[in-house]
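Naming convention: chains lettered A, B, ... in sequence-line order (proteins, then strands); numbering from 1 in each chain.
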There are 2 protein chains.
Amino acid sequence: MAAVDALSPQSPNRRRDEGVTAELDSTDRKILELLQKDARLPNKDLAERVGVAPSTALERVRSLRRRGLITAFRAEVDTQALGRPLEALLAMRVRPHTSQLVEPLRAFVLGLPETIALFHVAGPQDFLVHVAVPDADHLHRLILERILVRQEIVHLETTLIFRTERRTVQGPVS
Amino acid sequence: MAAVDALSPQSPNRRRDEGVTAELDSTDRKILELLQKDARLPNKDLAERVGVAPSTALERVRSLRRRGLITAFRAEVDTQALGRPLEALLAMRVRPHTSQLVEPLRAFVLGLPETIALFHVAGPQDFLVHVAVPDADHLHRLILERILVRQEIVHLETTLIFRTERRTVQGPVS
DNA sequence: ATTGAAACCGTCCCGAG
DNA sequence: CTCGGGACGGTTTCAAT
């Protein structure tokens, strides 16, 4: 087994505590990188690839979860293989923009089986809804018959998505 | 390395035009649901919760991977805990919209450490880039000093994200 | 905080229904 | 396709450093 790399020494002066944000050494960063690529990577392999003992790797992962850096382990499903090859973004404006109207709408949108994600945004649009549907006709009916019937939505713009690409998240950017 | 599994023969010669869409029975759907919530759910527990034997559950999951319904198991990291609490969507128009310009730009955007996701969209905007940054100043500099210096980007609109919410993907929508 | 070793337990292959 | 048994191997705990 290889000797442990030179760990970055803890800075003598700790910065202001940024909430749950903790300092990540290079081992933590490698673990995050690897588990983002494969959440089911056996702990033994993980340990080997980051250069620590299995028990240490186990504790590191637990610590990352406790500190909130890892929020979940999830299986990624392909909406195309699921029979919903068409994706779109629905940008909607809600008026009046009060929480009494926004909150029920948020719950409604998240309750739609077509919804993949919901962005609460600033700007002329208030909501951005990411949906996946079987075809254009389904999208059309979804918008007209289930979304636009809600009177609090005063404007809606549909943007078709050709492709979605995701990146693994790196550590704090420079 | 847990890359894509080896090719496997298509066991049942069912309908040919259903694309990769396979028929999902209720067991498959339950498995997808549970593994989206927790990719590390032990196979034994998974089997118990869907009501089959562990060996059966194992084969179901493998089949779901082979058929492309499950594309990956990933750890989800919290960008806020990572020190990048500010998210934004950058909508950019690229002109001329040729693949000779688009492809390098796509590679560039995906290479940025700030990038979380990239949407290739239809409409007046061509790209939608989801980024996470430490603060507004970082975002400002990212846009001015690294993105807008590229001459093929003729327009850019920034939308701040207050909150992102994701849903687990259900089976084929009715 | 990290480690090695041991006990535990889930995974996974296989033969059968 | 499903199931149970059993060998294998990984996970997890713990005392020590």
Side-chain angles (χ1 to χ4, degrees), chain A residues 1-12 14 17 20-32 34-35 37-70 72-75 81 171, chain B residues 1-15 18 20-32 34-35 37-70 72-75 81 171:
Chain A
M1 52 224 90
V4 180
D5 292 0
L7 299 177
S8 39
Q10 300 179 349
S11 49
R14 244 196 265 172
D17 211 10
V20 282
T21 304
E23 296 186 0
L24 299 176
D25 60 19
S26 67
T27 300
D28 286 327
R29 271 192 285 268
K30 278 185 209 161
I31 290 175
L32 287 180
L34 290 168
L35 291 185
K37 288 180 189 161
D38 181 9
R40 285 192 161 188
L41 184 67
N43 184 65
K44 188 186 183 183
D45 298 357
L46 176 66
E48 190 176 319
R49 293 178 65 172
V50 302
V52 297
S55 44
T56 305
L58 199 64
E59 178 50 32
R60 289 289 191 132
V61 173
R62 281 177 174 160
S63 171
L64 287 169
R65 287 227 281 184
R66 248 185 277 114
R67 289 186 282 165
L69 283 145
I70 294 176
F73 295 104
R74 340 202 85 140
Chain B
M1 315 259 292
V4 182
D5 287 336
L7 300 176
S8 67
Q10 300 173 353
S11 20
N13 265 346
R14 296 288 182 191
R15 303 271 172 87
E18 293 290 337
V20 279
T21 304
E23 298 182 1
L24 298 177
D25 60 19
S26 67
T27 300
D28 286 326
R29 270 193 286 268
K30 278 186 209 160
I31 290 176
L32 287 180
L34 290 169
L35 291 184
K37 287 181 188 160
D38 180 9
R40 284 192 161 188
L41 184 66
N43 184 65
K44 191 182 187 179
D45 298 358
L46 177 65
E48 190 177 319
R49 293 179 65 173
V50 302
V52 296
S55 45
T56 305
L58 199 64
E59 177 49 33
R60 289 288 191 133
V61 173
R62 281 176 175 163
S63 171
L64 287 169
R65 286 227 284 182
R66 250 185 278 115
R67 289 186 282 164
L69 283 146
I70 294 177
F73 295 103
R74 330 195 130 237

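- B/Thr56 meets the side-chain contact (heavy atoms from CB on, under 4.5 Å) test with B/Val52, B/Ala53, B/Arg60; sequence neighbours excluded.
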Interface polar pairs with nucleotides 3-8 of chain D, N/O, under 3.5 angstrom:
| residue | atom | partner | partner atom | Å |
| --- | --- | --- | --- | --- |
| D/dC3 | OP2 | B/Ala53 | N | 3.1 |
| D/dC3 | OP2 | B/Thr56 | OG1 | 2.9 |
| D/dG4 | N7 | B/Ser55 | OG | 3.3 |
| D/dG4 | O6 | B/Ser55 | OG | 3.2 |

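- Distance CD1 (B/Ile31) to P (D/dC1): 13 Å, rounded to an integer number of Å.
- The nearest whole Å value for the distance from the CG atom in B/Asn43 to the P atom in C/dC13 is 12 Å.
- Looking at A/Leu24 and A/Leu32, their side chains come closer than 4.5 Å, going by heavy atoms from C-beta outward.
- The residue A/Arg62 sits close only to the backbone: its heavy atoms come under 4.0 Å of sugar-phosphate atoms, none of a base.
- Nucleotide D/dT2 holds its P atom 18 Å from the CD atom of B/Glu48, rounded to whole Å.
- Note: CZ (B/Phe73) to C1' (C/dT11) measures 14 Å, nearest angstrom.
- Summarising the geometry, the separation between CD on A/Glu59 and P on C/dT3 is reported as 12 Å, rounded to the nearest angstrom.
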Stepwise side-chain contact (heavy atoms from CB on, under 4.5 Å) test for A/Leu69 and A/Asp28
CA-CA 10 Å; A/Leu69 283 145; A/Asp28 286 327; over 6 Å; no
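- Looking at heavy-atom distances under 4.0 Å, B/Arg60 makes contact with sugar-phosphate atoms alone, never a base.
- Side chain of A/Leu58, nearest nucleotide from D/dT12, C/dT11, D/dT11: D/dT12.
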A/Leu34 vs A/Asp45, test: side-chain contact (heavy atoms from CB on, under 4.5 Å). Steps then yes/no.
CA-CA 10 Å; A/Leu34 290 168; A/Asp45 298 357; over 6 Å; no
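- For the pair A/Glu59 and A/Arg66, the salt-bridge criterion is met [side-chain N within less than 4.0 Å of a carboxylate O].
- Summarising the local packing, CZ of A/Arg40 is surrounded by more than 12 heavy atoms from other residues, nucleotides or ligands at distances under 6.0 Å.
- When the P atom of D/dG10 is taken as reference, atom CG of A/Leu46 falls 14 Å away, rounded to whole Å.
- Distance, B/Lys44 NZ to C/dC8 P: 14 Å, rounded to whole Å.
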